[in-house]
Amino acid sequence: MIALAYAYDFSKRTSVGLTYARVANDAGAFYNLYNSAAGQGSPSGAVAVGEDPRILSVALRHAF
């Protein structure tokens with residue numbers, strides 16, 4: 001698995017974060033990014049054998 005993250009502060013109260021993560025499965029493996037199917041794009045959430053799941057996330061935070 002590899003994950004890269006970057007955070008940038010626009011001001012004292014506003015920031016943005018960018019994250020990319022990828023699991024590189026071998027031909028017979030089926031490791032996933034999550035423990036369950038919740039929040040995944042496919043209906044079952046299952047990873048096929050040999051498939052390489054990945055995720056791209058953007059978060060914007062503003063504190064009041």
Side-chain angles (χ1 to χ4, degrees):
M1 177 177 179
I2 187 167
L4 302 171
Y6 178 77
Y8 180 77
D9 292 329
F10 288 113
S11 67
K12 287 173 70 173
R13 300 183 317 166
T14 305
S15 62
V16 67
L18 179 66
T19 305
Y20 174 78
R22 178 176 181 251
V23 175
N25 283 320
D26 289 335
F30 52 93
Y31 292 103
N32 204 348
L33 292 165
Y34 299 101
N35 292 332
S36 68
Q40 297 189 32
S42 64
S44 68
V47 173
V49 174
E51 188 175 49
D52 296 335
R54 56 188 163 248
I55 189 169
L56 178 65
S57 170
V58 177
L60 180 64
R61 179 183 175 271
H62 181 75
F64 293 96

Kindly determine whether Asn32 and Val23 satisfy side chain to side chain contact (heavy atoms under 4.5 Å, CB included), including the steps that lead there.
CA-CA 7 Å; Asn32 204 348; Val23 175; over 6 Å; no
For residues Leu33 and Ala21, report the shortest heavy-atom separation together with the two atoms involved.
CD2-CB, 4.3 Å
Can you list every salt bridge (charged side-chain N to carboxylate O under 4.0 Å, His left out) pair that touches residues 6-16, not counting sequence neighbours?
none
Pairs touching residues 53-64 that satisfy salt bridge (charged side-chain N to carboxylate O under 4.0 Å, His left out), sequence neighbours left out
none
Which ILVMFWY residues are connected to Leu4, directly or by a chain of links, through side-chain heavy atoms under 4.5 Å apart?
none
Does Arg22 have any salt bridge (Lys or Arg N to Asp or Glu O under 4.0 Å) partners at least two apart in sequence or in another chain, and if so, which?
Asp52
With sequence neighbours left out, the residues meeting side chain to side chain donor-acceptor pair (under 3.5 Å) with Thr14 are His62
Looking at residues at least two apart in the chain, or sitting in another chain, which of them share a side-chain contact (heavy atoms from CB on, under 4.5 Å) with Ala29?
Asn25, Tyr31
For Val16, what residues pass the side-chain contact (heavy atoms from CB on, under 4.5 Å) criterion, not counting sequence neighbours?
Tyr8, Phe10, Val58, Leu60
Those residues at least two apart in sequence (or on a different chain) that pass side-chain contact (heavy atoms from CB on, under 4.5 Å) with Leu56 are Leu18, Tyr20
